[in-house]
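Please read the structure below before turning to the comments.
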Number of protein chains: 2
Amino acid sequence: MNDILKTQFRKIIDITDDEFDYILSHFSYKKFKKHQFLVQDGQNVDFDYFVLSGCVKSYYSDENGKIHILLFGVQDWWITDYEAYYYQKKAIVNIDCLEDTEVLCLSNDNREKLCSEFHQIESFFRKKTNRRNVALQNRILSLLSSSAKERYEKFLQEYPMLVQKLPKHILASYLGVTRETLSRLYATK
Amino acid sequence: MNDILKTQFRKIIDITDDEFDYILSHFSYKKFKKHQFLVQDGQNVDFDYFVLSGCVKSYYSDENGKIHILLFGVQDWWITDYEAYYYQKKAIVNIDCLEDTEVLCLSNDNREKLCSEFHQIESFFRKKTNRRNVALQNRILSLLSSSAKERYEKFLQEYPMLVQKLPKHILASYLGVTRETLSRLYATK
DNA sequence: AATAAAGTGTGATGTACGTCAATTTATTTT
DNA sequence: AAAATAAATTGACGTACATCACACTTTATT
């Protein structure tokens, strides 16, 4: 199971098995049940989570109680409230499980410790964050320039497996439309 | 003028003047006139740009020729088409000058060279990218959960100096509305 | 200074998408 | 298997914002 993480590291940097084991010793393993929270609005955020199995969603609850999905986390993805995690603030998002989920948890202190001990690890996180950046930018682009329908079709193309497993109203919220609108989108198609 | 960059580095990491001079030797200085392009759609992206003075905009032109502003770059900001820059792709955005602009240019090769030579520099870029990440995420949140008016008011609050100098139709495009709508927003207020 | 070009504001009208409400269909829970 | 809960669909209607058209003003260009 931990091979998932090792494999991800090795896509970006070279590390020996021993080095990986040392790195891994800085993570803790946790198992969550569907509906449990990894991160809760208003609380401290102790960890960045690397998803081993299952599926979580990160969402923001606005003043009207409306929910806006920021991200999903599935196998091989990292997820947390980064602003709260990096800068020791209170979380503004919630992250909870759409199904039973296993994760590896990395505290910010351990992250910094690893980064300062291993130049390679720092390089790994830098490059990972670079990628996330590009993905976020593209999401902004698509929110600015595409209609709900276009965004839906793009998502369908990019993450067909996710569309399968996600409740539609959750997907709708990620796309930035209501569930009613999403329902009408694929009715029309 | 180069102190702007030095100061930015020293907000995040410790470096000596000599180290900084060595780092700086990996940048090239360029001056652009209003309306000149730093990055053009379809072309290679050779540099990440650190803005010393002036103002640039990064935008995407959609199939209908409509323009969507991704980011502005003013003093102390880094800007480029990161997907193209990091991964040697063709640019999908344009970056041009809203006024005469001076920049320091860093090639991806030099960036990687510096990162591998100085652990500290790698740390600098990692932490910078972390911040950008948080900013991008918040923009997504605001596009998902706020009305045009709320976004306008937030921008006004956050970047009052930018609102001054930006043409309104450009600001409108950043906010994700038409210039007509923006015009009506502050008429109503 | 004259002419062109770019930027801004305002009205009339259109449309994508939201809201509310009722019904149907799945999925959990006991 | 029954009861409870959550998810998805459909219709009627509302609204935030877009589009188009035109007038006006400010900023470039010769």
Side-chain angles (χ1 to χ4, degrees), chain A residues 32-36 54-55 57 59-69 72 94 96-101 142-156 162-189, chain B residues 32-37 54-55 57 59 61-69 72 94 96-101 142-156 162-189:
Chain A
F32 292 90
K33 292 241 165 263
K34 183 166 177 176
H35 295 130
Q36 278 194 295
C55 183
K57 65 175 193 285
Y59 63 96
Y60 171 73
S61 258
D62 69 21
E63 331 73 68
N64 313 314
K66 246 183 91 178
I67 271 174
H68 306 277
I69 308 265
F72 299 109
N94 293 282
D96 70 2
C97 299
L98 288 161
E99 27 182 277
D100 293 1
T101 296
S142 108
L143 285 171
L144 284 176
S145 69
S146 309
S147 67
K149 186 164 195 169
E150 288 166 329
R151 273 175 280 151
Y152 168 65
E153 274 157 13
K154 196 171 159 202
F155 191 89
L156 202 62
L162 258 180
V163 176
Q164 303 280 312
K165 81 159 99 184
L166 292 174
K168 310 262 153 104
H169 70 282
I170 298 284
L171 173 56
S173 166
Y174 177 87
L175 294 171
V177 294
T178 58
R179 65 207 152 80
E180 292 93 333
T181 297
L182 178 61
S183 172
R184 285 171 183 125
L185 282 184
Y186 49 73
T188 316
K189 208 176 85 166
Chain B
F32 292 90
K33 291 240 165 266
K34 185 168 176 172
H35 295 131
Q36 278 193 295
F37 286 85
C55 184
K57 65 173 193 283
Y59 64 95
S61 260
D62 70 21
E63 328 75 66
N64 313 315
K66 244 184 92 177
I67 272 174
H68 306 277
I69 309 267
F72 299 108
N94 294 281
D96 71 1
C97 299
L98 289 161
E99 28 182 275
D100 293 1
T101 297
S142 108
L143 285 171
L144 284 177
S145 69
S146 309
S147 67
K149 186 164 197 170
E150 289 166 329
R151 273 175 280 152
Y152 168 65
E153 275 157 14
K154 195 170 158 201
F155 191 89
L156 200 63
L162 257 180
V163 177
Q164 304 280 311
K165 79 160 101 185
L166 292 175
K168 310 263 152 103
H169 70 282
I170 299 283
L171 173 55
S173 166
Y174 176 88
L175 294 172
V177 295
T178 58
R179 67 203 158 80
E180 292 94 333
T181 297
L182 178 61
S183 171
R184 285 171 184 125
L185 283 184
Y186 48 73
T188 316
K189 209 177 85 164

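Atom set for the values below is all heavy atoms of this structure, side chains included, hydrogens, waters and symmetry mates excluded. Note on naming: letters A, B, ... go to the chains in the order of the sequence lines (proteins, then strands), and numbering restarts at 1 for each one. No experiment lies behind these values; they were computed from the predicted model shown.
- A salt bridge links B:Asp100 with B:Lys33: the distance from a Lys NZ or Arg NE/NH1/NH2 to an Asp or Glu carboxylate oxygen falls below 4.0 Å.
- Separating the CG atom of A:Leu185 from the P atom of D:dA8 is a distance of 14 Å, rounded to the nearest angstrom.
- Ring pair A:Tyr174/A:Tyr59: centre-to-centre distance not below 6.0 Å.
- For the helix from C:dA1-D:dT30 to C:dT30-D:dA1, the rotation axes defined at the first and last 5 base pairs enclose an angle of 60°, given to the nearest 10°.
- When the side-chain nitrogen and oxygen atoms of B:Thr178 are compared with OP1 and OP2 of D:dC17, none of them lie within a distance under 4.0 Å.
- Comparing B:His35 and B:Arg151 against DNA chain D, the residue whose closest nucleotide sits nearer the 5' end is B:Arg151.
- In this structure, the NZ atom of A:Lys168 is 14 Å from the C1' atom of C:dT27, given to the nearest Å.
- In this structure, B:Lys165 fails the cation-pi test against B:Phe72, since its NZ or CZ atom is not both closer than 6.0 Å to the six-membered ring centre and inside 45 degrees of the ring normal.
- Not one side-chain nitrogen or oxygen of B:His169 sits closer than 4.0 Å to the OP1 or OP2 atom of C:dA6.
- The nearest whole Å value for the distance from the OH atom in B:Tyr152 to the C1' atom in D:dA16 is 18 Å.
- The B:Lys34 side chain lies nearest to D:dA28 when the options are D:dA28, D:dT19, C:dG18.
- Distances shown here put every side-chain N or O of B:Ser183 at or beyond 4.0 Å from the OP1 or OP2 atom of C:dT8.
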TODO: Given side chain to side chain donor-acceptor pair (under 3.5 Å), test B:His35 with B:Asp96 step by step and report yes or no.
DONE: CA-CA 6 Å; B:His35 295 131; B:Asp96 71 1; over 6 Å; no
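- Distances shorter than 4.0 Å separate some side-chain N or O of A:Thr181 from OP1 or OP2 on C:dG18.
- Atom-to-atom, NZ of B:Lys66 to P of D:dA18 comes out at 7 Å; the value is rounded to the nearest Å.
- Rounded to whole Å, the distance from CG on B:Asp96 to P on C:dA6 is 13 Å.
- Under a 3.5 Å cut-off, the side chain of B:Thr101 and the backbone N or O of B:Glu99 do form a donor-acceptor pair.
- For A:Val177, the listed nucleotide lying nearest its side chain is C:dC17; candidates were C:dT10, D:dC17, C:dC17.
- Using a 4.0 Å cut-off, some side-chain N or O of A:Tyr186 falls inside it from OP1 or OP2 of D:dT9.
- One atom, CZ of B:Arg179, and another, C1' of D:dC22, lie 11 Å apart when rounded to the nearest Å.
- For B:Glu180, the side-chain atoms get nearest to D:dC20 when compared with the rest of C:dT8, D:dC17, D:dC20.
- Going from atom NZ of B:Lys33 over to atom P of D:dT29 covers 11 Å, rounded to whole Å.
- The shortest heavy-atom contact between A:Gly176 and B:Leu144 is CA-CD2, 3.6 Å.
- A:Tyr60 does not carry A:Lys66 over the face of its six-membered ring by the limits of under 6.0 Å from the centre and within 45° of the normal.
- Distance B:Arg184 CZ to C:dT13 P: 13 Å, rounded to the nearest Å.
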